[in-house]
Number of protein chains: 2
Amino acid sequence: MAEKVTIADVARAAGVSRQTVSNTLNTPEVVRAETRRRVLDVVEELGYRVNQAARQMRTGRSRLIAARIDPEQDGINGSVGDRFLHGLTETAAREGYRVLLYTADGDDAETAAFDDLLGAYEPDAFVLMATHHGDRRTSWLAERGVPFVTFGRAWSDPAAPHCWVDVDGAAGTEAATRHLLAQGHRRIGFLGWPEGSGVGDDRREGWRRALAEVGLGVTGLHRETEDDVAPGEHAARDLLDRDPGITALVCASDSLALGALHVARAPGPAWLAGGQSHRPVAVVGFDDTPVAKAIGLTSVRQPIAEVASSCLRLLATRLDGGAGAPPEYLLLPPSLVVRASG
Amino acid sequence: MAEKVTIADVARAAGVSRQTVSNTLNTPEVVRAETRRRVLDVVEELGYRVNQAARQMRTGRSRLIAARIDPEQDGINGSVGDRFLHGLTETAAREGYRVLLYTADGDDAETAAFDDLLGAYEPDAFVLMATHHGDRRTSWLAERGVPFVTFGRAWSDPAAPHCWVDVDGAAGTEAATRHLLAQGHRRIGFLGWPEGSGVGDDRREGWRRALAEVGLGVTGLHRETEDDVAPGEHAARDLLDRDPGITALVCASDSLALGALHVARAPGPAWLAGGQSHRPVAVVGFDDTPVAKAIGLTSVRQPIAEVASSCLRLLATRLDGGAGAPPEYLLLPPSLVVRASG
DNA sequence: TTCCCTAACTTGAACGATCAAATCATGCAT
DNA sequence: ATGCATGATTTGATCGTTCAAGTTAGGGAA
């Protein structure tokens, strides 16, 4: 059995009052150096650790950060969420916080989860992923004054009242496109998502920009479709059939890229369905998922660990004192992981 | 601002004492039906939710379950952990628990994390993944009487004092092997991990068993190597070169299977390194990771969601009353997901 | 009627920490 | 010597809940 050591035990053993122990731990500067030393020795000796529940009762702070865990979505792009959670957990521990998980399907279910969590466990803040236009979650939290950061910029509001951290997707596709241009490709297509999603539009914009920089247009060079392998394959086939001049494809995701590869490859391997032959086409994906690594797909990699630690740091500074600090926005650059596919 | 509703607020509004409110919520049978109704109405009306911290102080129970989140390991097999965490979180919510994350690298770091967590947040239980021979974590927890379940059987101890849930790996590879036999394959090789890991040995055993059942031996038909794509490719090439009669391979993981596919495929697609041609060989992997789905690899799928919910249910029943219940062991059957590779 | 028992509910204390206010020296200017 | 800041420490109250013991009302047996 674990013998519980309370602040009173430490106080008694050190010959001081509870409050002095509390002070040595929380506001050391108000305690005389000698006393501080003695108390810390006893703390060490008895193995005292502050009880979160009791502290939370008095201070109202739980030192918990809540984050959502998703079911692996399409199975391919899911890995981003997990890397993010891992990063959060690690940085949180360093800042004296812990990550509390919840699940929810859809914005409304998620705000309901907020409500539940706030009522019972009182997390100090939330970290949201995958923000989108008109995100109801952010307004819900903002209205109630609950601190939060988002991974994903505030698409609808250039001067959002909350912090966000995001990856510069356009810079990523721009780098990918330049990389292909440098290899001699001139007609470079784009496979993306239907217009209206901030992330998707941003990624398309980077591709467009890179082509525009060298005086190339984009008409007839892109297709928009649902984010999955089969639709990607379909769209790629359509695009390549219509425009035989295309020699490379930049994709908004690894799922789409994988679909494109099914088309792009010269006579397919026996274990892949289809096997329809086509001219070789370079393909670049987005997110550098495990699948990309496994099959040698060049892909844009988001610095997820940095995003996570930045999110947490922004929160921590605001929670630990700087409550009124103005919101900060961080846009991190992705990197291109070059492999055999392009 | 969120107006905090306390049990005293409810008591006042319902014209009863605090304790009666507490009783209606925790032991309804001791409260008169009419009173109960009235209290519940007020609870509803005011939106009262019990404050976990305060409850924890009094009862010593936090309703938190701690689980480790891993960095995506080799990037391919990582997805199992995430599916597991998701399952845990979902079932936990249903049972009135929440999942608290931590990270740790190695058994000793993990027991240190246990110590920290128990001191501060007092989780009611731990869920461990990937148990191995001589696991120091389980003994640490057991010595201190901390409740826990493991995903992964207690390899060293057939009558372990704690609950575990595991997937019958041998049954999985046995099914895979039978599937290949049914397709007419006679010489079926196995790609696995070095002897000594419970999981790896178990998976090899299923393959051996299936062959033995039809009177086939296994000498010269298997290779053991580190769990990654490149070693898998190497071992597969070696195995197939030495024994030209082999027409199929069962693998202990999707990573190894992917390596095997690099060898097994008839002339490789342009975007894959190597491209050395070989006769077609059927390949079956293990874990049904996103990569398997993406490239059409037949694979043994573990029922991770069921494992997670079972783990949590075992814990929950023991935490909520049945503390002295004898440990239960659950061995769940995997299933074979057949795709183009075999 | 008196007494006891039980069901239903209430009261006071406690969990372990921190906040706010009180106490106690100590030094320094008046 | 008196008064008064200032620094260091202590005391009492409090956060919201549940436990343990206490109270009250109503019934039935003696």
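Sequence lines set the chain letters: A, B, ... in the order given, protein chains first and strands last, and positions in each chain run from 1. Here the structure is a predicted model, which is why all the values come from computation and not from measurement.
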Provide the full list of side chain to side chain donor-acceptor pair (under 3.5 Å) pairs with a residue in residues 151-167 of chain B, sequence neighbours left out, each pair given once.
-> B/Arg153-B/Asp166, B/Arg153-B/Asp202
Return each pair, listed once, that meets side chain to side chain donor-acceptor pair (under 3.5 Å) where at least one residue sits in residues 30-52 of chain A; pairs must be two or more places apart or across chains.
-> A/Asn51-B/Glu122
B/Val127 and B/Leu315: side-chain contact (heavy atoms from CB on, under 4.5 Å), yes or no, with the steps?
-> CA-CA 9 Å; B/Val127 178; B/Leu315 270 184; 3.8 Å; yes
Boundaries of the chain A footprint along DNA chain C (any atom under 4.0 Å from a heavy atom) = C/dG16 to C/dA20
Could you list the protein-to-nucleotides 8-11 of chain D atom pairs, N/O on both sides, closer than 3.5 Å?
from	atom 1	to	atom 2	distance (Å)
D/dT9	OP1	A/Arg32	NE	3.3
D/dT9	OP1	A/Arg32	NH2	3.2
D/dT9	OP1	A/Thr35	OG1	2.3
D/dT9	OP2	A/Arg32	N	2.9
D/dT10	OP2	A/Ser17	N	2.7
D/dT10	OP2	A/Ser17	OG	2.8
D/dT10	OP2	A/Thr20	OG1	2.7

Quick one, which residues of residues 41-55 of chain A touch DNA chain C with a heavy atom under 4.0 Å?
-> A/Tyr48, A/Arg49, A/Val50, A/Asn51, A/Ala54, A/Arg55
Spacing of [X] atom [atom1] relative to [N] atom [atom2], expressed in whole Å:
| X | N | atom1 | atom2 | answer |
| --- | --- | --- | --- | --- |
| A/Tyr121 | D/dG16 | OH | C1' | 16 Å |
| B/Arg58 | D/dC19 | CZ | P | 7 Å |
| B/Met57 | D/dC15 | CE | P | 12 Å |

Under 4.0 Å between a Lys/Arg side-chain N and an Asp/Glu carboxylate O for B/Arg61 and B/Asp320?
-> yes
Starting from the first five and the last five pairs of the helix from C/dT1-D/dA30 to C/dT30-D/dA1, work out the angle between the resulting helix axes, to 10 degrees.
-> 70°
How would you list, by chain and number, every residue that makes a salt bridge (Lys or Arg N to Asp or Glu O under 4.0 Å) with [X], sequence neighbours excluded?
| X | result |
| --- | --- |
| B/Arg12 | B/Asp9 |
| B/Asp108 | B/Arg136 |
| A/Arg18 | none |
| A/Asp168 | none |

Identify the two heavy atoms, one from B/Ile69 and one from A/Leu85, that lie closest to each other, and give their separation to 0.1 Å.
-> CD1-CB, 3.6 Å
OP1 or OP2 of D/dT18 under 4.0 Å from side-chain N/O of B/Ser22 = yes
For A/Phe151, all residues meeting ring-ring contact (aromatic ring centres under 6.0 Å, His included), sequence neighbours excluded = A/Phe84
What residues, two or more places apart in sequence or in another chain, satisfy ring-ring contact (aromatic ring centres under 6.0 Å, His included) together with A/Phe126?
-> A/Phe114
Side chain of B/Arg318, backbone of B/Leu314: donor and acceptor closer than 3.5 Å?
-> yes
Would you sort out whether B/Leu88 and B/Ile65 count as a side-chain contact (heavy atoms from CB on, under 4.5 Å), showing the intermediate values?
-> CA-CA 9 Å; B/Leu88 272 187; B/Ile65 306 279; 5.6 Å; no
